[in-house]
Number of protein chains: 2
Amino acid sequence: MAMPTIYDVARHAGVSPATVSRVLNGRSTVDAGLRDRVNAAAAQLGYRPNSLARNLRRSTTNLWAVVISDINNPFFTALVRGVEDVGQGLGYSVVLCNSDENPDKEADYLRALLADQISGFIVSPTSRTENLAALHEAGRAVVAIDRRPRNLAVDTVLVDNEHGAREATTHLIEQGFRRIACITGPARLSTASRRLRGYRSALRAAGIEPDPALERHADFRQRGGYTAMANLLAARPAPDAVFVTNNLMTVGALECLADNDIRIPDQVGVVGFDDVPWATFIRPPLSTVTQPTYELGRTAATLLKARIDDPDRPPETATLHTTLHARASSRRP
Amino acid sequence: MAMPTIYDVARHAGVSPATVSRVLNGRSTVDAGLRDRVNAAAAQLGYRPNSLARNLRRSTTNLWAVVISDINNPFFTALVRGVEDVGQGLGYSVVLCNSDENPDKEADYLRALLADQISGFIVSPTSRTENLAALHEAGRAVVAIDRRPRNLAVDTVLVDNEHGAREATTHLIEQGFRRIACITGPARLSTASRRLRGYRSALRAAGIEPDPALERHADFRQRGGYTAMANLLAARPAPDAVFVTNNLMTVGALECLADNDIRIPDQVGVVGFDDVPWATFIRPPLSTVTQPTYELGRTAATLLKARIDDPDRPPETATLHTTLHARASSRRP
DNA sequence: CTGTTAGCGCATTCAC
DNA sequence: GTGAATGCGCTAACAG
């Protein structure tokens with residue numbers, strides 16, 4: 001019933017525990033004959049190293065923690081999947097935590113995980129940088145994802161938010177929309193502010209002065225998108241298009257437009273940031289700025305591994321690119 | 001920089017490490033004065049118990065593993081969130097693994113996790129029961145979720161699949177649909193077969209003999225739903241409605257219907273199993289059988305805790321209830 | 001190249 | 001009610 005230990009294997013193979021350890025970890029070179037005997041014994045006993053003991057001894061773990069800010073957002077789960085696939089290949093298990101965009105919850109998690117000897121962290125940071133900074137100062141490998149932490153030099157994986165937003169907005173302008181609104185996220189998150197900036201810069205490039213009355217900050221969730229859209233519809237003169245800076249808020253905005261029987265794109269053109277699986281078959285199909293979500297996760301995992309292997313390398317920022325998918329929701333006849 | 005150990009706290013408080021341990025675990029009774037000194041010292045040093053050492057000693061962990069079959073399915077992520085919230089409250093961290101509906105990948109994960117001294121498992125099992133059985137025989141606490149494992153008596157959390165499917169199908173019949181098709185999942189999964197059974201029984205109750213030409217088995221993913229729907233559209237006489245037994249396949253089926261310019265519900269009525277956030281604002285709004293997803297996760301977590309606390313209690317099955325949301329996609333004028 | 005030894009940090013005997 | 005001693009299973013020094 002009890003799992004066999006390294007001593008059982010050693011006895012079975014007629015060698016010392018140290019030799020078993022060496023064979024299993026392939027660190028030191030071992031005589032081929034002994035190696036085979038050890039492997040045979042391990043296989044026969046169904047031996048699996050006890051990670052607790054191994055990790056206690058090495059004072060590290062084979063665990064990565066991914067702390068995301070909204071587990072109900074498919075953007076983050078796709079990303080986690082990228083992390084997981086790479087981590088799995090490297091022998092790491094992935095612990096998933098959901099901070100719910102709540103700095104306190106994030107702090108709790110990180111504090112607990114710090115004590116858990118987790119060997120690497122991938123975090124989509126809330127606004128409060130101290131949580132991440134504490135990890136970083138404790139010497140843990142940390143990669144920030146999706147958002148740039150303020151005043152903290154850690155490896156970071158982002159998309160080109162400003163460029164993606166500019167592209168979306170320019171597309172709306174080219175289609176003849178003029179009073180283009182923007183629903184973005186909390187001002188404290190870099191994702192939200194960069195996308196807003198891209199939106200503004202596209203307007204200015206077209207000779208349109210950004211109008212604060214057409215900008216809204218919401219919470220990156222469905223309900224927030226709904227409310228912001230309802231609010232925008234009351235603006236006078238009303239917007240003729242809207243650029244929504246994340247997927248969940250886009251759902252909310254569309255729901256609001258539907259509730260108000262507003263025709264898309266005739267009355268209001270729509271472009272959303274981040275893809276959704278149903279973009280192509282709703283009527284009209286939804287224009288989106290697609291992020292390479294899975295690839296973001298893979299990249300973060302790769303950076304994390306590099307950081308673990310060489311804690312002293314200079315911090316690096318990887319910026320991946322977005323793609324505009326212009327569909328009928330933003331097309332003027 | 002190194003984290004303080006129990007010895008540091010002991011020295012600081014002028015007591016023995018054993019006393020510190022006792023205070024921290026509250027098992028044995030300790031003099032109030034000493035207790036306060038220990039707590040003060042621990043707080044001052046920012047002491048956090050090293051879980052590796054603690055768990056090695058106790059030969060268990062504070063880790064739960066959730067092995068789900070598709071991390072891209074919001075159904076499963078919502079469920080995980082339920083598990084996580086309960087686990088977190090009880091002091092457990094949750095490791096998330098994604099078997100991708102692949103029994104080999106599931107086996108790999110479970111084998112690795114078995115060696116990791118994970119204290120509890122929540123699994124949406126693939127068809128191969130041996131993987132779960134191995135865990136169970138090794139004495140680990142296991143809860144199956146979403147699907148009933150064949151020939152294995154473990155705690156299980158399900159919804160009333162047959163009832164939900166019957167309700168959906170009856171609704172379609174009441175609306176006047178007569179050639180009602182069903183797209184269900186792989187026959188080897190209990191979820192798929194129970195929902196198919198509910199569909200058939202509703203037909204029979206209405207005096208309609210189930211027609212094998214209107215039944216399709218797909219893979220519970222979007223592409224599978226698309227293909228099955230395309231395939232059904234070629235059936236003669238064609239179906240006038242379709243009941244799709246999970247959310248991702250419903251997306252695929254809707255996509256296929258849109259591609260073929262088929263009007264819903266005039267030409268084909270649609271009911272999907274499991275809710276989606278955009279059900280209400282697509283046109284026509286989508287009828288769904290809603291599952292209490294988050295609650296499923298919470299229930300599984302509660303059962304798991306009960307199992308850990310009392311390994312000998314008889315296995316229990318919790319069955320939660322679905323709700324039919326009849327919307328325009330299944331309504332005949 | 002291989003075996004012996006020690007200790008990672010903690011919880012738990014066992015004495016007192 | 002408290003402290004000293006032991007070992008969970010493993011890997012890293014150190015000898016040989």
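Throughout, protein chains are lettered first and strands after them, A, B, ... in sequence-line order, and every chain is numbered starting at 1. Just so it is clear, the structure is predicted and the values come from calculations on it, not from any experiment.
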A.B. asks: Got A:Trp64 and A:Ile308 here, is their nearest side-chain heavy-atom distance under 4.5 Å?
C.D. replies: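 Side chain of A:Trp64 against side chain of A:Ile308, heavy atoms only: contact under 4.5 Å found.
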A.B. asks: Look at all strands and tell whether A:Asn25 reaches a base, only sugar-phosphate, or nothing, counting heavy atoms closer than 4.0 Å.
C.D. replies: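 Touches sugar-phosphate only.
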A.B. asks: Considering only D:dG3, C:dC10, D:dC10, which nucleotide approaches the side chain of A:Asn50 most closely?
C.D. replies: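 Ranking D:dG3, C:dC10, D:dC10 by closest atom to the A:Asn50 side chain puts D:dC10 first.
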A.B. asks: So which one's nearest nucleotide on DNA chain D is more toward 5', A:Ile6 or B:Ala18?
C.D. replies: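 The residue closer to the strand's 5' end, by nearest nucleotide, is B:Ala18.
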A.B. asks: Below 4.5 Å, heavy atoms only, C-beta onward: do A:Asp85 and A:Tyr294 meet side chain to side chain?
C.D. replies: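 SC-SC contact between A:Asp85 and A:Tyr294 confirmed.
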A.B. asks: Scan A:Leu52 against the nucleic acid and name what it touches under 4.0 Å (heavy atoms): base, sugar-phosphate only, or nothing.
C.D. replies: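 Since no nucleic acid heavy atom lies under 4.0 Å of A:Leu52, the category is nothing.
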A.B. asks: Could you state the atom-to-atom distance from CG of A:Asn62 to P of D:dT11 in whole Å?
C.D. replies: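 Atom CG in A:Asn62 sits about 12 Å away from atom P in D:dT11.
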A.B. asks: Is it the case that the side chains of A:Asn25 and A:Arg54 hold a donor-acceptor pair, with the cut-off being a distance below 3.5 Å and no angle test?
C.D. replies: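 Yes, because at least one side-chain N or O of A:Arg54 sits under 3.5 Å from a partner of the opposite role on A:Asn25.
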A.B. asks: Among A:Ile118, A:Leu90, A:Asn55, exactly one meets side chain to side chain contact (heavy atoms under 4.5 Å, CB included) together with A:Asn62. Which residue is that?
C.D. replies: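 Result: among A:Ile118, A:Leu90, A:Asn55, A:Asn55 is the only option passing the side chain to side chain contact (heavy atoms under 4.5 Å, CB included) with A:Asn62.
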A.B. asks: Is any side-chain nitrogen or oxygen of A:Ser16 closer than 4.0 Å to OP1 or OP2 of C:dT2?
C.D. replies: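 Answer no for this pair, as no side-chain N or O of A:Ser16 is under 4.0 Å from OP1 or OP2.
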A.B. asks: Ignoring hydrogens and geometry, is there a side-chain-to-backbone donor-acceptor pair from B:Glu106 to B:Thr126 under 3.5 Å?
C.D. replies: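 Yes.
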A.B. asks: Measure from the side chain of A:Arg58, starting at C-beta and using heavy atoms only, and say which of D:dT2, D:dA12, C:dC10 lies closest.
C.D. replies: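 Of D:dT2, D:dA12, C:dC10, D:dA12 is nearest to the side chain of A:Arg58.
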A.B. asks: From the options C:dT2, D:dC10, C:dC10, select the nucleotide whose nearest atom is closest to the side chain of B:Tyr7.
C.D. replies: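 Taking heavy atoms from C-beta onward, the closest nucleotide is C:dC10.
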A.B. asks: How long is the line joining CG of A:Asn55 and C1' of C:dG7, in whole Å?
C.D. replies: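 Spelled out: CG on A:Asn55 to C1' on C:dG7 is 16 Å.
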A.B. asks: For a quick check of understanding: with a heavy-atom distance under 4.0 Å over all strands, which category does B:Pro17 fall into, base, sugar-phosphate or nothing?
C.D. replies: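 Since no nucleic acid heavy atom lies under 4.0 Å of B:Pro17, the category is nothing.
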A.B. asks: Judged by each residue's nearest nucleotide on DNA chain C, which is more toward the 5′ side, B:Ser21 or A:Ser59?
C.D. replies: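 In this pair, the answer is A:Ser59.
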A.B. asks: Distance criterion of 3.5 Å, no angle test: do you see the side chain of B:Arg22 paired donor-to-acceptor with the base of D:dG3?
C.D. replies: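 Present.
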A.B. asks: DNA chain D: B:Thr19 or B:Arg57, which has the more 5' nearest nucleotide?
C.D. replies: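 Mapping each residue to its closest nucleotide by heavy atoms, the 5'-most match is B:Thr19.
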A.B. asks: Choose from D:dT2, C:dC1, D:dC10 the nucleotide whose nearest atom is closest to any side-chain atom of B:Asp31.
C.D. replies: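 The nucleotide sitting nearest to the side chain is D:dT2.
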A.B. asks: Counting heavy atoms from C-beta on, name the nucleotide in C:dT2, D:dG3, D:dT2 closest to the side chain of B:Val15.
C.D. replies: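 For the B:Val15 side chain, the nearest candidate turns out to be D:dG3.
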A.B. asks: Given atom CG of A:Leu56 and atom C1' of C:dA11, what is their separation to the nearest angstrom?
C.D. replies: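 Atom-to-atom, A:Leu56 to C:dA11, this comes out as 13 Å.
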A.B. asks: Measure from the side-chain heavy atoms of B:Ala53 and tell me the nearest of D:dT2, C:dC10, D:dA12.
C.D. replies: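 Shortest atom-to-atom distance from the side chain points to C:dC10.
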A.B. asks: Using atom CG of B:Asp8 as one end and atom P of C:dC8 as the other, report the distance to the nearest whole Å.
C.D. replies: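 Going from CG in B:Asp8 over to P in C:dC8 covers 11 Å.
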